[in-house]
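Got a structure here, written out as structure tokens. Questions coming.
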Amino acid sequence: MIKVPLTVVGAEQLKAELQHLKSVERPSVIAAIAEARSHGDLSENAEYDAAKERQGFVEGRIAEIEGKLSNAQIIDPSTLDADGRVVFGATVQLLDMETDDEVRYQIVGDDEADIKLGKVSVNSPIARALIGKEAGDVAEVQAPGGLREYEVLDVQYL
């Protein structure tokens with residue numbers, strides 16, 4: 001079984017979503033199905049069909065999250081000792097050598113990735129180019145718009 005890397009924050013978010021699905025969404029769907037059933041003929045009951053479809057989604061998401069958590073390798077970036085190298089969970093300050101813009105990314109698992117929050121997937125081209133680099137190194141990233149170069153300014157394990 002392949003372990004999926006997850007930060008502590010990412011694991012907590014998944015656990016919170018799982019708790020919400022089990023304690024709020026699942027009972028809500030069950031109540032909606034019961035309500036729709038009480039209306040009689042199920043063969044032409046759109047409410048019943050919609051509730052059953054929602055139940056399938058909720059149960060599927062619960063199973064998906066439970067699977068991810070059972071296969072997770074939870075990594076706390078603050079406990080890492082990577083000698084200044086970029087590793088999973090690290091937060092990296094970069095200089096875009098073409099535009100002189102500074103950007104900051106944390107390398108996280110696929111489920112946690114959110115570019116708006118500065119979190120990039122460990123499987124993304126930029127993260128793959130950065131892994132193993134340290135401050136002062138230049139990473140070449142094959143981006144959709146062509147080759148980009150980033151200088152690693154700082155690596156933190158927060």
Side-chain angles (χ1 to χ4, degrees), residues 1-33 51-99 101-158:
M1 185 63 59
I2 297 174
K3 289 288 186 186
V4 178
L6 207 56
T7 64
V8 173
V9 171
E12 291 305 318
Q13 289 170 337
L14 282 177
K15 288 176 187 173
E17 182 182 353
L18 182 62
Q19 177 64 28
H20 175 78
L21 287 169
K22 285 182 168 182
S23 65
V24 177
E25 295 297 326
R26 183 185 271 166
S28 168
V29 168
I30 291 169
I33 290 171
K52 287 298 280 183
E53 188 174 314
R54 186 162 161 245
Q55 180 184 38
F57 172 79
V58 168
E59 294 301 327
R61 184 66 180 146
I62 288 172
E64 180 184 358
I65 292 172
E66 287 176 339
K68 286 177 181 178
L69 288 173
S70 69
N71 293 324
Q73 177 183 1
I74 299 173
I75 298 169
D76 183 351
S78 66
T79 64
L80 296 176
D81 181 17
D83 294 327
R85 290 186 319 276
V86 178
V87 294
F88 179 86
T91 300
V92 188
Q93 189 78 26
L94 303 171
L95 175 68
D96 184 325
M97 297 181 73
E98 187 178 317
T99 64
D101 291 337
E102 285 191 25
V103 291
R104 181 182 178 96
Y105 296 122
Q106 181 181 20
I107 299 175
V108 297
D110 290 335
D111 291 314
E112 303 170 76
D114 185 341
I115 196 68
K116 292 182 195 106
L117 299 176
K119 296 177 182 243
V120 295
S121 166
V122 68
N123 295 312
S124 68
I126 191 163
R128 288 198 308 259
L130 290 170
I131 297 289
K133 301 276 192 263
E134 50 192 48
D137 288 350
V138 173
E140 291 185 349
V141 179
Q142 189 60 52
L147 194 65
R148 304 284 297 263
E149 290 185 327
Y150 294 93
E151 180 183 349
V152 179
L153 301 177
D154 188 34
V155 180
Q156 297 176 319
Y157 313 101
L158 306 173

Query - Heavy-atom closest pair, residues L94 and Y105 - result: CD1-CD1, 3.8 Å

Query raised in the report: So, S28 side chain and V24 main chain: donor-acceptor pair closer than 3.5 Å or not?
Result: no

Query raised in the report: Given side chains that start at C-beta, do those of V120 and I115 come closer than 4.5 Å, heavy atoms only?
Result: yes

Report task. Name all residues meeting the salt bridge (Lys or Arg N to Asp or Glu O under 4.0 Å) criterion together with K119; count only those two or more places apart in sequence or in a different chain, and write none if there are none. Result -> none

Report task. Using the test side-chain hydrogen bond (donor to acceptor under 3.5 Å, both in side chains), find all partners of R26 that sit at least two apart in sequence or belong to another chain. Result -> E59

Would you give me the side-chain donor-acceptor pairs under 3.5 Å for residues 126-151, sequence neighbours excluded?
{"from": "R128", "atom 1": "NH1", "to": "N123", "atom 2": "O", "distance (Å)": "2.3"}
{"from": "D137", "atom 1": "OD2", "to": "E134", "atom 2": "N", "distance (Å)": "3.0"}
{"from": "R148", "atom 1": "NH2", "to": "D96", "atom 2": "OD2", "distance (Å)": "2.3"}

Requested in this report: Using the test side-chain hydrogen bond (donor to acceptor under 3.5 Å, both in side chains), find all partners of S121 that sit at least two apart in sequence or belong to another chain.
Outcome: D110

Query raised in the report: Can you find a pair of side-chain heavy atoms, one from P5 and one from F88, that are under 4.5 Å apart?
Result: yes

Query raised in the report: With side chains defined as the heavy atoms from C-beta onward, is the minimum distance between I62 and L18 less than 4.5 Å?
Result: yes

Report task. Could you tell me which non-hydrogen atom of V152 sits nearest to which non-hydrogen atom of V155, and how far apart they are? Result -> CG1-CG2, 3.7 Å

Query raised in the report: Is any side-chain heavy atom of T79 less than 4.5 Å from a side-chain heavy atom of Y157?
Result: no

Report task. Kindly check if the number of other-residue, nucleotide or ligand heavy atoms within 6.0 Å of CD (Q156) is above 12? Result -> yes

Query raised in the report: Minimum heavy-atom separation for L21 to P27, with atom names?
Result: O-CD, 4.5 Å

Report task. Report yes if the side chains of L69 and L6 come closer than 4.5 Å at any heavy-atom pair, otherwise no. Result -> yes

Report task. Could you pull out all residues at least two apart from E25 that satisfy side-chain hydrogen bond (donor to acceptor under 3.5 Å, both in side chains)? Result -> H20, R54

Requested in this report: Output the distance between atom CG (L158) and atom OG1 (T7), rounded to the nearest 0.5 Å.
Outcome: 11.5 Å

**Report entry** Residue pairs fulfilling side-chain hydrogen bond (donor to acceptor under 3.5 Å, both in side chains) with at least one residue in residues 85-95, sequence neighbours excluded
**Finding:** Q93-E102, Q93-R104

Requested in this report: Apply side-chain hydrogen bond (donor to acceptor under 3.5 Å, both in side chains) to K52 and list each qualifying residue two or more places apart in sequence or on a separate chain.
Outcome: Q55

Report summary line: With sequence neighbours left out, the residues meeting salt bridge (Lys or Arg N to Asp or Glu O under 4.0 Å) with D101 are none

Query raised in the report: Taking only residues at least two apart or on different chains, which pairs with a member in residues 14-23 satisfy salt bridge (Lys or Arg N to Asp or Glu O under 4.0 Å)?
Result: E12-K15, E17-R61, K22-E66

